[in-house]
Every structure is written in C-alpha cells, then in structure tokens.
Number of protein chains: 2
Amino acid sequence: MPEVLTASASFSPLYQQIKALILASLQAAEWLPGALIPSEMELAARFSVSQGTVRKAIDELAAQNLLVRRQGKGTFVATHNEEDRQYRFLHLVPDEGQKFPLISQFLACKKIKANTTDAHLLKLKAGDALIKVNRVQSFAGKPIVFEEILLPATRFKELDLTMLTEWSGPVYALYETRFATHMVRAEEKIKATAIDESLSTYLHLPVGHPVLLVERLAFTYGNKPVEIRRARYDTTQQHYQNMLN
Amino acid sequence: MPEVLTASASFSPLYQQIKALILASLQAAEWLPGALIPSEMELAARFSVSQGTVRKAIDELAAQNLLVRRQGKGTFVATHNEEDRQYRFLHLVPDEGQKFPLISQFLACKKIKANTTDAHLLKLKAGDALIKVNRVQSFAGKPIVFEEILLPATRFKELDLTMLTEWSGPVYALYETRFATHMVRAEEKIKATAIDESLSTYLHLPVGHPVLLVERLAFTYGNKPVEIRRARYDTTQQHYQNMLN
DNA sequence: CAGTGGTCTAGACCACACT
DNA sequence: GTGTGGTCTAGACCACTGC
C-alpha cells in the first residue's frame with residue numbers, strides 16, 4: 001500500500017492519482033517539452049506502485065497527446081517542435097492533391113487592451129494588456145488564411161514582430177521555446193461569413209465573398225486559456241476537414 | 001499458447017487478433033447494436049487467452065466507440081438509439097444558451113442514378129441506383145439546416161418518405177433498426193458558400209447569404225462508406241463546434 | 001549488451017448492478 | 001449473493017534502441 005498517496009488523497013483509483021502527479025510535474029515544468037521523462041520502473045519506485053499502474057497512467061496521458069511513448073527509447077513530453085505534430089491543430093486541406101506548406105507573413109504585433117469578450121475568454125479583466133498579432137498565410141502567392149492572434153501580455157511580454165519574423169516553424173513551437181508555454185488542446189467555433197473591405201485586400205477576394213470564420217481558444221496545462229485566434233479561411237480551393245468517431 | 005490463433009494469423013499482438021475477431025462478430029451482426037456481448041471471462045475462454053488480453057482488446061474497441069462498457073452490467077454494442085449518443089455527429093451548437101433539439105421535416109425521398117463523384121465516394125459504379133432524401137431542420141420555426149442525403153439503393157431499398165416521417169429520432173437510429181446498418185465514423189469537409197435561390201427559400205435567407213457547406217461521408221463496419229450527406233447550416237446564430245486535442 | 005516500452009499471464013480484491 | 005467490469009500486483013518474456 002503506497003503510504004505517500006493514501007495519506008493525503010481522497011478516494012480515486014491509484015493510476016488516476018499517479019496521472020495527476022505526472023500532470024503536476026508537467027505543469028511545474030519539471031520535464032520540458034521534448035524531454036525524456038523517467039522510465040516506468042523509476043516512476044513506479046518513486047510513487048511506490050507497480051509498473052502496471054504507472055503504465056495505465058501514462059497510457060491515458062499519451063492518449064491525450066501530453067506524452068509520447070517510443071519503444072526502446074522511453075517516454076517523452078509532447079512538443080510542437082516535431083515534424084508529425086506540426087499541423088496538429090490546422091484542419092485546412094486542399095480539395096485536390098497533397099497537404100501543402102503555407103508561407104507565413106506577419107503583418108503586425110501591437111499591445112492593446114482587452115475588451116470584455118476577450119478578457120472573459122482568457123480569464124482576465126477587461127482592460128488588461130494583450131498582444132495582438134496579424135498574419136497572412138499563403139500558398140503559391142495566393143493568400144489563404146488571415147489570422148488575428150490575441151495573447152496575454154504578461155506571459156508573452158517580449159514577443160514582437162522581429163521575433164515572429166525570424167522564427168521559422170509553427171507559432172506554437174515558438175511559444176514553447178521562448179515562453180515556456182505548451183498548447184495542450186483547443187476549442188474551435190466555425191461560421192460562414194461575408195468578407196469585409198479590409199480583409200478583402202488581404203485575401204484578394206471581392207467584398208461579400210463567403211469565407212470561413214474560425215475562432216479558436218487554446219489551452220495550456222491545467223485548462224488555462226492563453227490564446228485567442230480569429231482566422232478567416234478562403235475555402236474556394238480548400239476545406240476544413242474533420243473526422244468524427 | 002492459443003492454438004486456434006497461432007495457426008492462421010501472421011504475427012501481431014494477441015489482443016489485436018482478439019480485437020479483429022470481435023470486430024468480425026460485430027460486422028457479421030452476431031451481436032446487434034445495443035445488445036450485451038459475452039463477458040470478458042467467456043470471451044477469454046472462447047479465444048483461449050487470459051482475461052487481461054480480452055480486456056485490452058475491448059478497451060480499444062470502446063475507445064473507438066464500437067463498444068460501451070457498463071460496470072456491473074457488461075459490455076454492449078454501441079448504438080445510436082440512446083440519449084447521450086444522439087448528437088454524436090452533429091457539431092452545430094447555438095452561440096448562446098443550451099443545445100436545443102431540432103425539428104425534422106422531410107421534403108422528398110426519390111430514387112436517382114449516381115453521378116461519377118458520388119459513385120466514387122460510395123465505392124459504386126456511375127449510374128448505380130441511389131436514394132436521395134431532402135430535409136430541413138428547424139428550431140422555433142426558423143430553418144437552420146438543409147440536408148441532402150444520398151444512400152445506396154440496394155442497402156436501403158424499402159426507405160420512403162412515409163418511413164422517414166413516421167420515425168421519431170435520429171436518422172442513424174432508423175438505419176440501425178430498419179436496415180441493420182450501424183454508422184461507425186464519418187469524415188466531414190467544411191466550406192463557406194453563398195446560398196443560391198432554391199436554398200434561399202428553404203432557409204429563409206437572402207440569395208448570396210453565406211452559409212456553411214458540410215459534406216459528410218459516413219462509414220459502417222469495415223470502413224464501408226454508405227452515406228453521403230451534403231448540408232447547409234445557417235450559422236447566423238449558431239456555429240460548428242470542434243474540439244482539438 | 002543493457003535498458004526501454006510492449007505483451008501476456010494469473011490471481012486477488014474492489015465497485016457496481018440486479019435479483 | 002452472484003456476476004459483471006475496474007483496479008492492482010508480480011513476474012515472465014518479447015521487441016526495439018543504442019552503446
């Protein structure tokens with residue numbers, strides 16, 4: 001019987017408690033994204049449970065994409081700094097042909113004050129400082145996506161246009177390496193809207209043309225919301241893809 | 001060592017083989033949707049493996065929503081004939097307030113011939129007979145969704161407007177009870193489009209108004225595509241919701 | 001080779017549902 | 001109480017990785 005645990009915890013399966021402990025270590029940045037965590041045997045010893053119990057805890061964390069298991073190597077903290085994980089949150093695919101890489105162009109990065117809606121989404125107070133980033137993503141010269149990104153200024157203080165421009169790779173990888181913030185999950189709300197005048201210029205589409213409005217709220221560890229992203233997708237030759245299970 | 005299995009199967013983990021066997025029983029309709037399957041102990045005996053191995057197989061099938069475990073009761077075949085599973089594939093939610101029930105009105109149900117696109121999606125030949133169903137779904141008198149549903153006529157032969165009208169409940173539940181066809185998963189492609197004249201009447205929106213076009217391809221057991229659904233969602237006061245993990 | 005995760009087993013006990 | 005799935009353990013062996 002593992003004393004350390006039974007002492008403090010109210011009843012729940014042992015592996016759930018282990019899961020919570022590992023989660024706490026992730027949240028406390030004890031192991032950074034991409035890093036190797038201790039082996040199942042070591043964790044079992046540390047928590048005074050059997051390997052099978054640790055295994056079940058890790059299984060669930062791996063199923064939630066928080067950990068990645070690699071046979072023969074070990075278990076690693078999930079990261080957005082890897083090939084296969086790059087487009088985990090981007091569901092836009094071309095109607096015909098392969099999934100292509102989009103070229104990013106950052107347009108602006110300013111400090112603004114949060115309105116009530118955005119403050120509420122990010123669990124801040126209205127008027128709190130935010131950083132607003134605008135970018136366009138294109139393929140073969142044709143702009144496809146226009147995005148507005150909103151971030152709490154406290155966490156992303158040093159972010160500026162230079163840093164964004166010099167970064168090659170996904171924005172979520174930048175958040176990880178420069179702001180110790182790993183995105184765990186996101187919620188998206190999708191609508192069809194008509195494009196307005198200012199967006200018309202960016203996306204090279206006539207005013208009133210239908211575009212997909214994708215509002216995303218992204219969360220780090222502990223269900224903490226840290227990014228709002230409002231994007232317009234030109235779905236003339238591509239579409240938003242979703243798998244239902 | 002389980003002889004029955006090692007004899008025929010090429011190498012793969014035992015629990016994967018068990019999984020395949022259970023899947024085969026599902027596909028062969030040995031156990032119908034909603035039915036209780038044999039207990040883990042019985043299956044373990046039947047396949048000459050340990051309970052733990054059957055358990056792991058069932059775990060994965062439950063994770064894919066093919067089976068449902070109920071502690072103290074047993075394991076059941078997943079079905080669309082149940083409260084919590086009703087809206088498994090409908091991601092439309094109101095911007096404000098609770099998820100509300102939509103009222104279905106079926107407009108038509110005719111036999112047509114498949115064009116090349118639809119034939120290809122359903123893995124049929126161009127010209128093969130399809131059944132085309134049209135319906136509108138409304139809330140508080142306001143039409144929200146217009147759908148066109150395409151089904152292979154062979155599998156859904158007896159389907160007609162009367163059957164649809166008299167059925168209360170999800171269409172996928174009708175497929176199960178009347179056509180022994182359980183929908184396992186689906187793929188959706190989403191675009192923003194302008195509404196045309198005919199749809200304008202159904203959705204009570206001006207011509208050219210942006211709507212969400214949702215094209216769904218739904219599959220039964222064995223990855224067999226059996227339904228195409230092309231829907232238009234009025235996203236003025238509701239949105240398509242998606243969770244990214 | 002040693003160390004990692006992956007599979008499989010057997011047995012004990014717990015939590016829950018029905019009767 | 002009996003039977004179901006759910007948890008936990010301990011130990012054996014396999015498959016993969018890298019030294």
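First the proteins, then the strands, lettered A, B, ... as listed; each starts at 1. All heavy atoms count here, side chains included; hydrogens, waters and symmetry mates do not.
The closest side-chain donor-acceptor pair between A:Glu176 and A:His182 falls under 3.5 angstrom. Residues A:Gln64 and B:Asn245 have side chains that never bring a donor and an acceptor to within less than 3.5 angstrom of each other. Looking only at atom types and distance, the side chain of A:Thr75 has no donor-acceptor partner in the side chain of A:Arg70 under 3.5 Å away.
The pair A:Glu215-A:Lys189 does not count as a salt bridge, with every side-chain nitrogen at least 4.0 angstrom from each carboxylate oxygen.
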Distance-only donor-acceptor hits, side chain of residues 25-33 of chain A, under 3.5 Å, sequence neighbours excluded:
from    : atom 1 : to      : atom 2 : distance (Å)
A:Ser25 : OG     : A:Leu21 : O      : 3.4
A:Ser25 : OG     : A:Glu30 : OE1    : 3.0

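Here the P atom of nucleotide C:dC8 and the NZ atom of B:Lys56 are 8 Å apart, to the nearest Å. Put simply, CD1 on B:Ile58 is 14 Å from P on D:dT7, counting in whole angstrom units. Distance, A:Lys19 NZ to D:dG6 P: 15 Å, rounded to whole Å. Atom P of nucleotide C:dA15 and atom CG of A:Leu14 are separated by 12 Å, given to the nearest angstrom. Nucleotide C:dC13 holds its P atom 21 Å from the OH atom of A:Tyr15, rounded to whole Å. Rounded to an integer number of Å, the gap from B:Arg69 CZ to C:dC16 P is 16 Å.
For the OP1/OP2 pair of C:dT7 and a distance below 4.0 Å, the side-chain nitrogens and oxygens of B:Thr53 include no atom meeting the criterion.
Among residues two or more places apart in sequence or in another chain, the side chain to side chain contact (heavy atoms under 4.5 Å, CB included) test is passed with B:Phe219 by B:Arg185, B:Glu187, B:Leu217, B:Asn223, B:Pro225. With sequence neighbours left out, B:Ser138 forms a side chain to side chain contact (heavy atoms under 4.5 Å, CB included) with B:Val136, B:Pro143.
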Between the protein and nucleotides 10-12 of chain C, which nitrogen or oxygen pairs come in under 3.5 angstrom?
none

What protein N or O atoms touch nucleotides 2-4 of chain C N or O atoms at under 3.5 angstrom, if any, and at what distances?
from  : atom 1 : to      : atom 2 : distance (Å)
C:dG3 : N2     : A:Gly72 : O      : 2.9
C:dT4 : O2     : A:Gly72 : N      : 3.3

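Across all their heavy atoms, A:Val171 and A:Phe106 have their closest contact at CG2-CZ, 4.1 Å.
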Query raised in the report: For DNA chain C, what is the dot-bracket line, given that a base pair needs Watson-Crick (N1 to N3, plus N6-O4 or O6-N4) or G-U wobble (N1-O2 and O6-N3) geometry with both distances under 3.5 Å, and | means paired with another strand?
Result: ||||||||||||||||||.
